[in-house]
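Comments concern the structure below.
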Amino acid sequence: MHRKLAAGNWKMNGLGASLAELETLGGMHATSGIEVLICPPAPLLSRAADAVAGSAVTIGAQDCHAARSGAHTGDVSAEMLKDAGVTSVILGHSERRQDHGETDAQVRAKAEAAIAEGLLAIICVGESLEDREAGRTLDVVGAQIDGSVPDHGTAHDLVIAYEPIWAIGTGKVPTLEQIEEVHGFLRNRLSTRFGAETASGIRLLYGGSVKPGNAADIFAVSNVDGALVGGASLKSADFSPIIAALESA
Ligand code: 13P
């Protein structure tokens, strides 16, 4: 079983001055029994990797292109991320699916490219409020998993993050029963596709308004192997207690 994972997604937040937060976080978590990952915006990646060097914190990106190189103005390849010192990449976040019209097929192609470079692909799925209220949650996340996850995924290179869109940045969190239902469903879906042994090792993160105050309850839910944290990952004072909650879960 891989170590639990506390991942922070800074989204489009952070300037050079924010690197001090990373140095502080690295200082607070020189070693850890879990994996700790921060995903800053692309211009900070290489300096962020330097800022956490020698600590338990590693650095991830928030997207990559499916191609290795070429005429794709403004895009960044998985090989470039690797070269910048990152270990992981978030793919198919709902904000990218919404803002850039990313499809499951595109997310899958990006994940294949990331895995081919030796990066950990963190693939996001999650339903809208409309889907939830219409009783379509499991259909939606099931289809996203089927379409976005590459065929040759292993527990070593794949993580799934369940992020209900209506819980992102809203302060609204699903009930623990709702989280348990979706995570159990995802585990089964992966098991059908990859076999029980591989599926049991693929970490399932919950994301959406995770805060120091609710993290321990969420981490006690079965099939929750960590969190993907937005707003509360920006400050070490908020993210550190979430790391501590996962360490003692
Ligand atoms: P918040 O923790 O700010 O709700 O964001 C969650 C998220 O989208 C992480 O990827």
Side-chain angles (χ1 to χ4, degrees), residues 2-65 74-91 93 95-96 110-111 113-115 117-124 156-159 161 163 168-169 203 205 207 209-212 215 219 225-249:
H2 286 269
R3 291 185 300 165
K4 294 183 174 189
L5 173 59
N9 174 10
W10 281 10
K11 310 191 178 186
M12 199 171 72
N13 299 291
L15 299 169
S18 320
L19 295 168
E21 281 300 325
L22 282 179
E23 279 164 16
T24 305
L25 190 72
M28 293 164 96
H29 300 275
T31 61
S32 179
I34 64 165
E35 263 184 71
V36 182
L37 179 73
I38 294 281
C39 303
L44 288 182
L45 288 173
S46 126
R47 280 183 291 164
D50 290 342
V52 298
S55 79
V57 182
T58 58
I59 299 299
Q62 301 172 15
D63 178 46
C64 73
H65 196 277
D75 279 309
V76 173
S77 73
E79 185 184 33
M80 293 169 184
L81 298 178
K82 180 94 179 168
D83 187 51
V86 323
T87 61
S88 314
V89 56
I90 298 169
L91 296 168
H93 191 282
E95 288 152 15
R96 292 209 59 85
K110 289 173 179 216
I115 291 169
E117 281 307 326
L119 298 177
L120 180 71
I122 302 173
I123 298 176
C124 304
H156 182 67
D157 48 33
L158 198 60
V159 167
E163 299 205 310
I168 295 176
R203 288 165 291 179
L205 311 184
S209 296
V210 176
K211 307 288 175 203
F219 294 150
D225 306 309
L228 182 54
V229 182
S233 71
L234 293 171
K235 296 269 174 255
S236 53
D238 293 326
F239 198 47
S240 186
I242 295 173
I243 294 169
L246 189 58
E247 282 171 336
S248 53

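Below, all heavy atoms of this structure are taken into account, side chains as well, without hydrogens, waters or symmetry copies. Residue numbers count from 1 along this sequence. Note that the structure is a prediction, hence the values are computed from the model and not measured.
Here the closest non-hydrogen pair linking A7 and L205 is CB-CD1, 4.4 Å. In terms of heavy atoms, A227 sits closest to F219 at CB-CE2, 3.6 Å. When all heavy atoms are compared, the tightest approach of A114 to V89 is CB-CG1, 3.5 Å. In terms of heavy atoms, K4 sits closest to I34 at O-CB, 3.3 Å. In plain terms, the two heavy atoms of D157 and L120 that are nearest each other are C-CD1, 3.6 Å.
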Exercise. For side chain to side chain contact (heavy atoms under 4.5 Å, CB included), just list the numbers for L91 and I122, CA-CA rounded to whole Å, side-chain angles, deciding distance to a tenth of an Å, and then say yes or no.
Key: CA-CA 6 Å; L91 296 168; I122 302 173; over 6 Å; no
Practice problem: Decide side chain to side chain contact (heavy atoms under 4.5 Å, CB included) for L22 and I59; before the verdict, give the C-alpha distance in whole Å, the side-chain angles of both, and the deciding distance to 0.1 Å. | Solution: CA-CA 10 Å; L22 282 179; I59 299 299; 4.2 Å; yes
Quiz item: Could you go step by step and tell me if V76 and L81 meet the side chain to side chain contact (heavy atoms under 4.5 Å, CB included) rule?
Solution: CA-CA 7 Å; V76 173; L81 298 178; 3.6 Å; yes
Exercise. Decide yes or no on side chain to side chain contact (heavy atoms under 4.5 Å, CB included) for L158 and I123, but give the supporting numbers first.
Key: CA-CA 8 Å; L158 198 60; I123 298 176; 3.7 Å; yes
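The backbone N or O of S236 sits less than 3.5 Å from a side-chain atom of E21, completing a donor-acceptor pair. In terms of modelled atom types and a separation under 3.5 Å, the side chain of R3 and the main chain of S32 share a donor-acceptor contact. With S18 contributing its side chain and L15 its backbone, the two residues share a donor-acceptor pair below 3.5 Å. Counting only distance, with no hydrogens or angles, the side chain of W10 and the backbone of S233 share a donor-acceptor pair below 3.5 Å.
For E23, the side-chain hydrogen bond (donor to acceptor under 3.5 Å, both in side chains) criterion is met by no residue, not counting sequence neighbours. The side chain to side chain contact (heavy atoms under 4.5 Å, CB included) check on E117 picks up R68, A78, E79, L119, with sequence neighbours excluded. Remark: K11 pairs with E95 by the salt bridge (charged side-chain N to carboxylate O under 4.0 Å, His left out) rule, at least two apart or across chains. With sequence neighbours excluded, the residues forming a ring-ring contact (aromatic ring centres under 6.0 Å, His included) with H65 are H72, listed by chain and number.
Of the inter-residue distances, the one linking I38 atom CD1 with S88 atom OG reads 11.5 Å to the nearest 0.5 angstrom. A distance of 5.0 Å separates CG in N13 from CG in L234, rounded to the nearest 0.5 Å. The CG atom of L37 sits 7.0 Å away from the CD1 atom of I90 when rounded to the nearest 0.5 Å. We find the CD1-CD distance between I242 and E247 to be 12.5 Å, quoted to the nearest 0.5 Å. Once rounded to the nearest 0.5 Å, the distance linking CD1 of I243 with CG of L5 reads 10.5 Å.
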Under 3.5 Å, side-chain donor or acceptor atoms of residues 47-58 against the rest of the protein: list the pairs with distances, not counting sequence neighbours.
from : atom 1 : to  : atom 2 : distance (Å)
S55  : OG     : V52 : O      : 2.8
S55  : OG     : V57 : N      : 3.0
T58  : OG1    : V36 : O      : 3.3

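Under the 3.5 Å distance criterion, with hydrogens and angles disregarded, no donor-acceptor pair is assigned to the side chains of Q62 and H93.
Annotation: side chain of P40 is in contact with side chain of L45 (closest heavy-atom distance under 4.5 Å).
Each salt bridge (charged side-chain N to carboxylate O under 4.0 Å, His left out) pair with one or both residues in residues 33-42, not counting sequence neighbours, appears once here: E35-R203.
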